[in-house]
Amino acid sequence: MARLLLILAASLVALAWPASCQRLPVLAPVTKDLATSLYTLPFHDGANLVVDIAGPLVWSTCQRDHLPAELPCKSPTCRLANAYPVPGCHAPGCGRDWHGDRTCTVYPYNPVTGACAAGNLVHTRFVANTTDGRNPVSQVNVRAVAACAPRKLLASLPRGSTGVAGLAGSGLALPAQVASTQKVANKFLLCPPAAANGDGVAIFGGGPLHFWVDPSDYTQSMDHTPLVTKQGSPAHYISVKSISMDNTRVLVSERALATGGVMLSTRVPYALLRRDVYRPFVDAFVKALAAQAAPVRPVAPFELCYDAQTLGNTRFGYWVPSVTLALDGGRDWRMAGVNSMVDVEPGTACLAFVEMKGVKAGDGRAPAVIVGGLQMENIVLEFDMEKKRLGLRTMPYYMQCSHFNFTRSA
């Protein structure tokens, strides 16, 4: 009888609970740091974490409110935390003793410097707001497991940040943990902001997504392409069939692009191209722009720089050849000047595609292309780990990622 009453009470609570409070996605503003060109989001109590869409873990410096997880090596959570060893870091703390009772040790790493350090797993919380896709709705405390790291691991990260929020497709990345705790879909929307245009937006659990300038749902009119997994890496990859410059195909074979694949990354501010892809790409850009712009002395790390006054301006940035990635599934990712050129000093603009260093042409251990932060700014991206696909929608010229309303509705 008592059991029946408990079931009845639970059912009545569920019926009385407002639908708007059930299983809503979780919202976070995304800020671009001008000094490092990295992006951060607030985690809790003034702590900001660097957004790393290729990172498998959430980690931060040790805080007083962290509760030690004290998980044994044999626990599934410990295995997830050590699923992607970082090259050059120590072997997982459990060694080969995955069935023992030793306390789990993990090795969080800095995505900029590549440094790593031993740390323990802790229980923490992600303090954010749920959202209906238009406004914040109510505050929520999302339980999460994170790695506790020493302060030395913060080197080269934005001032005031306390760690990294990994958003990869792994089991302990932030999207998977939000999905598990909040009972929402294992996917997230990301709209990275340009430097001077306010906060962008991240939504964990999927859409809808509305901006105050445009009431339409941006998740309903996206181009989609499969997300590709690469063995040994938690990062998000896509398949690119060809690269074009103003509708003229760059002389890079589909095989070259498939060797190593195309990775998406917020760790690097600009796109990195392996040498066998970079040289034909640069040659095509120079040829397409030869009659229009005046080249000037290059500014490191860029090879191609121009007198900005000779480029001309449009609503979509500098008037330069558009770069188009032909995606698997028949869709295109077109990048205008706003996503391909960067101002480096007064009067000088450079092509924001850089040659990878220390990587030989055709080396499949490295991606053929790493799409950087600038290339993704003011584009709505949906990383859907359940359907294994990436959605894209470029913002119109009159829209910015900062046009989301972060004020709660009355």
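Along the sequence shown, the residues carry numbers beginning at 1. Everything quoted here is computed from the prediction, not taken from an experiment.
For Asp33 and Thr36, the side-chain atoms include at least one donor-acceptor pair closer than 3.5 Å. Side chain to side chain, Gln292 and Tyr306 fail the donor-acceptor criterion of an N or O pair below 3.5 Å. There is no side-chain donor-acceptor pair under 3.5 Å between Thr61 and Thr162. A donor-acceptor pair shorter than 3.5 Å cannot be found between the side chains of Thr248 and Asp246. Using a 3.5 Å distance cut-off with no hydrogens or angles, the side chains of Gln400 and Asn378 do pair a donor with an acceptor.
Remark: side-chain polar atoms of Thr266 are paired, donor with acceptor, to backbone N or O of Val51 under 3.5 angstrom. Ser161 places no side-chain N or O within 3.5 Å of a backbone atom of Val50 that could act as its donor or acceptor partner. Judged purely by atom type and a 3.5 angstrom limit, Arg159 has no side-chain atom pairing as donor or acceptor with the backbone of Ala35. Looking only at distances, a side-chain donor or acceptor of Thr259 sits under 3.5 Å from a matching main-chain atom of Arg255. Checked by atom type and distance alone, the side chain of Thr131 pairs as donor or acceptor with a backbone atom of Gly133 at under 3.5 Å. Judged by distance alone, with hydrogens and angles left aside, the side-chain atoms of Asn186 form no donor-acceptor pair with the main-chain N or O of Glu386 at under 3.5 Å. Between the Gln182 side chain and the Val142 main chain, no donor and acceptor come within less than 3.5 Å of each other. Side-chain atoms of Thr225 do not come within 3.5 Å of backbone N or O of Gly329 as any donor-acceptor pair. For the pair Arg274 (side chain) and Ala256 (backbone), a donor-acceptor distance under 3.5 Å is present. Between the side chain of Arg249 and the backbone N or O of Ser242 there is no donor-acceptor pair closer than 3.5 Å.
Relative orientation of the Phe302 and Tyr270 rings is perpendicular, given thresholds of 30° and 60° on the angle between their planes. Classified by interplanar angle (parallel below 30°, tilted 30° to 60°, perpendicular above 60°), the ring pair Phe404/Phe211 is perpendicular. Relative ring orientation between Phe43 and Phe126 is described as parallel, the plane-to-plane angle staying below 30° on a 0-90° scale split at 30° and 60°.
With a 4.5 Å cut-off on side-chain heavy atoms, Leu264 and Phe383 count as touching. Side-chain contact between Asn313 and Leu311: absent, with no pair of heavy atoms (C-beta onward) separated by less than 4.5 Å. A heavy-atom distance below 4.5 Å is not found between the side chains of Val106 and Trp59. Looking at Met222 and Leu189, their side chains come closer than 4.5 Å, going by heavy atoms from C-beta outward. By the 4.5 Å heavy-atom criterion applied to side chains, Lys32 and Ser37 are counted as neighbours. Residues Trp333 and Asn339 have side chains not in contact (no heavy-atom distance under 4.5 Å, counting atoms from C-beta outward). Residues Leu273 and Val282 form no side-chain contact, since every pair of their non-hydrogen atoms from C-beta on lies 4.5 Å or further apart. Asp328 is not listed as a side-chain neighbour of Ile238, based on a closest heavy-atom distance of 4.5 Å or more.
Under 4.0 Å is where a charged nitrogen must lie from a carboxylate oxygen, and between Arg275 and Glu355 at least one such pair does. Residues Asp332 and Arg334 are not paired through a salt bridge, judged by the lack of any N-O separation under 4.0 Å between the basic side chain and the carboxylate. Using a 4.0 Å cut-off between charged side-chain N and carboxylate O, Asp132 and Arg134 make no salt bridge.
When all heavy atoms of Val164 and Pro111 are compared, the closest pair comes out as CG2-CD, 3.8 Å. The minimum heavy-atom distance between Pro269 and Gln375, with the atom names listed, is O-OE1, 4.4 Å. Here the shortest heavy-atom pairing between Pro193 and Asp199 reads CB-C, 4.0 Å. Closest non-hydrogen pair, Val122 versus Cys148, comes out as CG1-CB, 3.9 Å. The two residues Thr124 and His44 have their closest heavy-atom pair at OG1-NE2, 3.5 Å. The minimum heavy-atom distance linking Ala28 with Phe406 is given by the pair C-CE2, 4.2 Å.
Considering CD of Glu377 and OH of Tyr39, their distance stands at 3.5 Å, rounded to 0.5 Å. Rounding to the nearest 0.5 angstrom, the gap separating the CG atom in Leu121 from the OG1 atom in Thr77 is 7.5 Å. Atom CZ of residue Phe316 and atom OG of residue Ser322 lie 11.5 Å apart, to the nearest 0.5 angstrom. In this structure, CG in Asp283 is found 9.0 Å from CG in Leu304, a value given to the nearest 0.5 Å. Put simply, CG on Leu38 and OG1 on Thr40 are 9.0 Å apart, with the number rounded to the nearest 0.5 Å. For the atom pair CG (Leu80) and OG (Ser75), the distance works out to 8.5 Å, reported to the nearest 0.5 Å.
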Test log, rule side chain to side chain contact (heavy atoms under 4.5 Å, CB included), inputs Ser233 and Met263: CA-CA 10 Å; Ser233 172; Met263 173 183 165; 5.7 Å; no
Side chain to side chain contact (heavy atoms under 4.5 Å, CB included) assessment of Phe285 paired with Val320: CA-CA 9 Å; Phe285 192 87; Val320 295; 4.1 Å; yes
Residues Cys104, Cys73; criterion disulfide bond (SG atoms under 2.5 Å apart); working and verdict: CA-CA 5 Å; Cys104 182; Cys73 288; 5.8 Å; no
Derivation of the side chain to side chain contact (heavy atoms under 4.5 Å, CB included) call for Leu392 and Leu390: CA-CA 7 Å; Leu392 306 101; Leu390 174 73; 4.0 Å; yes
Trace of the side chain to side chain contact (heavy atoms under 4.5 Å, CB included) decision for Leu172 with Val58: CA-CA 7 Å; Leu172 283 189; Val58 177; over 6 Å; no
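The SG atoms of Cys305 and Cys350 sit under 2.5 Å apart. Between Cys401 and Cys191, the SG-SG separation falls below 2.5 Å.
The environment of Gln309 atom CD is sparse: at most 12 non-hydrogen atoms of other residues, nucleotides or ligands sit within 6.0 angstrom. Heavy-atom contacts from other residues, nucleotides or ligands closer than 6.0 Å to NZ of Lys230 number more than 12.
A salt bridge (Lys or Arg N to Asp or Glu O under 4.0 Å) with Glu382 is found for exactly one of Lys387, Arg393, Lys187, namely Lys187.
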